[in-house]
Amino acid sequence: MNDDHQHQHPPSPMALRVKALETVLTERGIVDPQAVDAVLDLYEHQVGPRNGAQVVARAWTDPAYRARLREDATAAIGEMGFLGMQGEHMVAVENTPTVHNVVVCTLCSCYPWSVLGLPPAWYKSHAYRSRVVMEPRAVLREFGVDLPEDVEVRVWDSTAEVRYLVVPQRPAGTDGLDEPALANLVTRDSMVGTAVLPDAGSAA
Amino acid sequence: MNDDHQHQHPPSPMALRVKALETVLTERGIVDPQAVDAVLDLYEHQVGPRNGAQVVARAWTDPAYRARLREDATAAIGEMGFLGMQGEHMVAVENTPTVHNVVVCTLCSCYPWSVLGLPPAWYKSHAYRSRVVMEPRAVLREFGVDLPEDVEVRVWDSTAEVRYLVVPQRPAGTDGLDEPALANLVTRDSMVGTAVLPDAGSAA
Amino acid sequence: MNGIHDMGGMHGFGAVDPTDSEPWHDHWESRVFALTLAASRHLRSNLDRGRFQLETLPPDAYLRGYFERWFARLIDQAEDAGFIDAASRAAIDHGTPVPARTKDREPLPAEALVHVAATGRPTARDIGTAPVFAVGEAVRARNLHPAGHTRLPGYVRGKAGEVIGYRGAHVFPDSHAALEGEDPRHLYAVRFSAAALWGNAAPPGDSVTLDLFEPYLEAAA
Amino acid sequence: MNGIHDMGGMHGFGAVDPTDSEPWHDHWESRVFALTLAASRHLRSNLDRGRFQLETLPPDAYLRGYFERWFARLIDQAEDAGFIDAASRAAIDHGTPVPARTKDREPLPAEALVHVAATGRPTARDIGTAPVFAVGEAVRARNLHPAGHTRLPGYVRGKAGEVIGYRGAHVFPDSHAALEGEDPRHLYAVRFSAAALWGNAAPPGDSVTLDLFEPYLEAAA
């Protein structure tokens, strides 16, 4: 897989440097290349936003679960088997008609890997990190989310080892859907707080 | 002079870019190359720290002048003909056995050109700008100035169009010197506040 | 430290690009990510020290890009730990193959690494003291400017907020990053009104909440 | 704006090198300096706007170096004013000669430029109002975060100090940089104790004094 990928273009200076460093670290016994491949496989194919979407769909449909998620998100997410690195201590924050939550890590780019996978590049961008705490509404507009003035915006800056999962509002018109169908509606960005889920049947 | 200088080394990419921009600006009539040369001649050969040194030496020897410098430095420096761009509004701050003054511009690199000439590179460095307001004593130690704890350090951040001239303490052992001889002892850095003048006869 | 990484509230970085939505732009970025995890056993670092090692890169290097700085950190760590010297570092920088050496460590095997990733490393600790602040209490973030690692962002220092949650006691990053032990401290969710942080022009109901360690806080007057 | 230029109190830039004591490192730097002065008549800018044009460079470009950013500003200004287009900008970037064009302006002659440099451009103005604050009064720097140019550094915002001098009324940079007129305002020297700015670990007698415009200040409670 790696070779296929690298053969598409002449390798960049950074690609060559990384390859050289990997060679040294492998020869010295610092890394096992199979471990490198395995952890990439984990985050590219196993751990991702489908985990968080299942948590959200269950919270939408199971009031007792939702109560547990509010009370102790780490335990409630643990029930579903979605703990792991960068998800050891979880807090779920719920959007409502009057409250919109959005998550950032201004100091680096902390993100709840175990429920959302690895963060998108925009989450790690200097623009997002610097701006969303000071002008969240302007940033959200760049994501196409234009919040009314009477909706309270709560920004969560992940400054310690607590990781945040936004529980988006359940879209209107989804009463007939079961939990797996609901989970399919839940996008990654809606669980970071930079998207609002469209009503069912609307074009988006 | 320019050509001599440029022929010493193959021109750097920046040198080529600047030359190309100068050519465009000249052809379009935006700049007169003679004006460029003239203003460089002004700051390389006419306006420099010797101006400030004369102000300091006079303040040391002429109590009435020193009083005028305290009262209205712009007027007192104007008397000596040393006003000009980036020196339109001057304030003189005097070092004493218990007070040491040091000047910075954290936001850009404002500096009293008309009395000190153009600033040294260290004055414009990110290290100096960022650190001297928070840890002036540590920065001064990097200049070889180790101030006793009981000396009060006053940092002046040039955030508006007021420019500061530090009047260093007159070195001991200079009672017999006349004003021009005293001016020869006054260094640029002592008028920024990053140097203390050594006593006369000491090795430095 | 008051570093370039402490960028909450800065202007000048332009617009956010929501379409830049993948974890990496290039294959090498994924390798740097995974190498960093796979090598961690031998790098004399930890989660907090690793962050500090990013923060102490020269500011222009920090700004070069996310995985560019992970690479810079990894090569620094490898040099700190004695696995590469200046010559092999230069060779790596040129992207040239580096002479083979004897294997002198046992790398973390794939199963062990995946196990760590899939189970995590909790930072909560039991400590014998009661938390000083209560939920609902008014607190102020202290005006601290340590040269070392801290997780108290500049934009809240000196500002008053309210404790809205207690998170338990956790490994204290300021100590852990300095390799001075875990020194766990109570951790609180503290909510600041946007107006307290950014002035009265901010929308009245909006807020920013941070998880802040007890040593970062004092009772608000 | 809360830009990278507002670096007072930042860590991470290393030690100061007192031996780096000349105004420029290279001949081209002196040309950029003098070209900037010589071209100013035609560049639709002013002292304050020129500073803002440095501040709004991308942070990595800002950090590239002092005269590197003066060059970046000058070429931006030349493009803004219509003297170069994208093609000639690209040619300049490659350092290649740019096709000759008709002279369409009158440059500032040498004598006039030297006269300006040698006499200056005072920013003090007479305004009809009395200053609000008196010497000796306790004031607080407002917690302002404008997106535009300002000369209120981040490190004093929200902090209390004392007015130690009145400087007269001067051109207000926040307005002048936006090409919205001089709007002169009263200017004060305000002294902050180092402890107020940096916490109680700072040496007790030390202080930082800034020249701050009246709109940056409020009476301290």
Side-chain angles (χ1 to χ4, degrees), chain A residues 2 5-6 13-18 20-25 27-32 34-36 38-40 42 83-85 87-89 106-109 114 118-122 124-130 133-134 136-137 139 142-143 149 152-157 159-162 194, chain C residues 5-10 13-18 20-23 27-28 30-32 34-35 37-39 42 51 66 71 75 83-84 88 92-93 95 98 100-101 103-110 113-114 117-120 122-124 151 153 167 170 187 198 205-211:
Chain A
N2 304 338
H5 192 116
Q6 294 207 328
M14 276 304 297
L16 291 171
R17 287 184 197 121
V18 173
L21 179 58
E22 181 167 354
T23 302
V24 177
L25 293 178
E27 288 174 347
R28 297 296 297 264
I30 312 308
V31 300
D32 176 347
Q34 292 185 354
V36 174
V39 79
L40 280 178
L42 181 74
L83 295 183
M85 197 182 281
E88 294 92 341
H89 306 285
T106 58
L107 294 175
C108 42
S109 295
S114 66
L118 298 178
W122 61 254
K124 298 174 284 184
S125 69
H126 305 141
Y128 185 75
R129 288 170 53 191
S130 61
V133 287
M134 187 161 65
R137 291 167 186 270
V139 170
E142 289 166 18
F143 282 86
E149 271 187 33
E152 178 186 331
V153 177
R154 294 183 184 166
V155 182
W156 301 82
D157 188 357
T159 46
E161 292 313 308
V162 175
T194 56
Chain C
H5 71 284
D6 186 7
M7 55 177 65
M10 276 186 73
F13 290 110
V16 180
D17 177 8
D20 191 14
S21 66
E22 294 301 317
H27 178 71
W28 68 262
S30 69
R31 299 305 287 181
V32 168
L35 284 168
L37 265 59
H42 296 303
R51 290 186 185 135
Y66 186 82
F71 175 75
I75 197 163
F83 302 130
I84 58 172
S88 56
I92 290 166
D93 193 51
V98 177
R101 287 173 177 275
K103 180 170 170 178
D104 54 2
R105 290 287 193 291
E106 267 316 308
L108 199 65
L113 179 59
V114 168
T119 54
T123 56
R151 297 291 287 185
R167 304 298 196 201
H170 286 255
L187 180 68
W198 313 115
D206 292 358
S207 63
V208 185
T209 304
L210 298 82
D211 292 309

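Side-chain atoms are counted along with the backbone in the values below, which use heavy atoms only and exclude waters and symmetry mates. Just so we're on the same page: letters track the sequence lines, and every chain starts at 1.
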TODO: Under 4.5 Å, counting heavy-atom pairs only, tell me which of C:S88, C:P109, C:A39 racks up the most with chain A.
DONE: C:A39

Open item on the list: If we define contacts as heavy-atom pairs under 4.5 Å, which of A:P136, A:S109, A:S130 has the most with chain C?
Closed with: A:S130

Task: salt bridge (charged side-chain N to carboxylate O under 4.0 Å, His left out) involving C:D93 - partner list, sequence neighbours excluded - done: A:R17

Open item on the list: Keeping C:R151 on the side-chain end and A:T159 on the backbone end, is there a donor-acceptor pair under 3.5 Å?
Closed with: yes

Open item on the list: Using side-chain heavy atoms (C-beta onward) and a distance below 4.5 Å, is C:V16 in contact with A:T194?
Closed with: no

TODO: Tell me, out of A:T106, A:I30, A:V31, who's got the most heavy-atom pairs with chain C below 4.5 Å.
DONE: A:I30

Open item on the list: Below 4.5 Å, heavy-atom pairs only: which of A:P13, A:A35, A:P120, A:G29 has the largest tally toward chain C?
Closed with: A:G29

- [ ] Using the side-chain contact (heavy atoms from CB on, under 4.5 Å) rule, take C:L113 and A:D32 through it: C-alpha gap first, then chi angles, then the decisive distance, then the call.
- [x] CA-CA 10 Å; C:L113 179 59; A:D32 176 347; over 6 Å; no

Task: Beyond-backbone contact of C:R31 with A:L40, side-chain heavy atoms, under 4.5 angstrom - done: yes

TODO: Specify the closest pair of heavy atoms between C:W28 and A:A15, including all atoms of both residues, with the distance to one decimal.
DONE: CB-CA, 3.8 Å

Open item on the list: Side chains of C:W198 and A:V133, heavy atoms from C-beta outward: is any pair under 4.5 Å?
Closed with: yes

Open item on the list: At a 4.5 Å cut-off on heavy atoms, which part of A:H89 comes close to chain C: side chain, backbone, both, or neither?
Closed with: side chain

Task: Engaged part of C:D17 at the chain A interface, taking heavy atoms whose separation is under 4.5 Å - done: backbone

TODO: Would you check if the side chain of A:E161 reaches a backbone N or O of C:T123 as a donor-acceptor pair within less than 3.5 Å?
DONE: no

Open item on the list: I'd like to verify something: which residue of A:L42, A:T23, A:V24, A:L83 has the highest number of heavy-atom pairs under 4.5 Å with chain C?
Closed with: A:V24

Task: Choice from A:R28, A:R129, A:E22, A:E142 maximising heavy atom contacts with chain C below 4.5 Å - done: A:R28

Task: Structural part of A:L118 lying under 4.5 Å from a heavy atom of chain C - done: both

Task: Exercise: identify the closest heavy-atom pair between C:G14 and A:A127 - done: O-CB, 3.5 Å

Open item on the list: Heavy-atom cut-off 4.5 Å, strictly under: side chain, backbone, both or neither for A:P119 against chain C?
Closed with: backbone

Open item on the list: Need one label for C:I92: side chain, backbone, both or neither, based on atoms under 4.5 Å from any heavy atom in chain A.
Closed with: both

- [ ] Answer whether the closest heavy-atom distance between the side chains of A:V18 and C:L35 falls below 4.5 Å.
- [x] yes

- [ ] Please state whether the side chain, the backbone, both or neither of A:E152 comes within less than 4.5 Å of a heavy atom of chain C.
- [x] both

Open item on the list: Which atoms of C:H170 are under 4.5 Å from chain A, going by heavy atoms: the side chain, the backbone, both sets, or neither?
Closed with: side chain

- [ ] Could you tell me which of C:A110, C:S21, C:A38 has the largest number of non-hydrogen atom pairs under 4.5 Å with chain A?
- [x] C:S21

Task: Interface moiety of C:Y66 toward chain A, non-hydrogen atoms closer than 4.5 Å - done: side chain

Open item on the list: Please classify the contact of C:L108 with chain A as side chain, backbone, both or neither, using a heavy-atom distance under 4.5 Å.
Closed with: backbone

Task: Part of A:L25 lying under 4.5 Å from any heavy atom of chain C - done: side chain

Open item on the list: Using heavy-atom distances under 4.5 Å, tell me whether C:L37 contacts chain A through its side chain, its backbone, both, or neither.
Closed with: side chain

- [ ] Output the option from A:L16, A:V155, A:V39 having the highest count of non-hydrogen pairs under 4.5 Å with chain C.
- [x] A:V155

- [ ] Please examine the side chains of C:D6 and A:L107, heavy atoms only from C-beta on, and report whether any two atoms are closer than 4.5 Å.
- [x] yes

- [ ] Please list, chain by chain and in numerical order, all residues satisfying salt bridge (charged side-chain N to carboxylate O under 4.0 Å, His left out) with C:D206, sequence neighbours excluded.
- [x] A:R137

Open item on the list: Heavy-atom pairs under 4.5 Å with chain A: which of C:E106, C:H42, C:M7 has the most?
Closed with: C:M7

Open item on the list: Under 4.5 Å from any heavy atom of chain C, what part of A:V36 do you find: side chain, backbone, both or neither?
Closed with: both

TODO: For residues A:C108 and C:H5, determine if any side-chain heavy atom of one lies less than 4.5 Å from a side-chain heavy atom of the other.
DONE: no

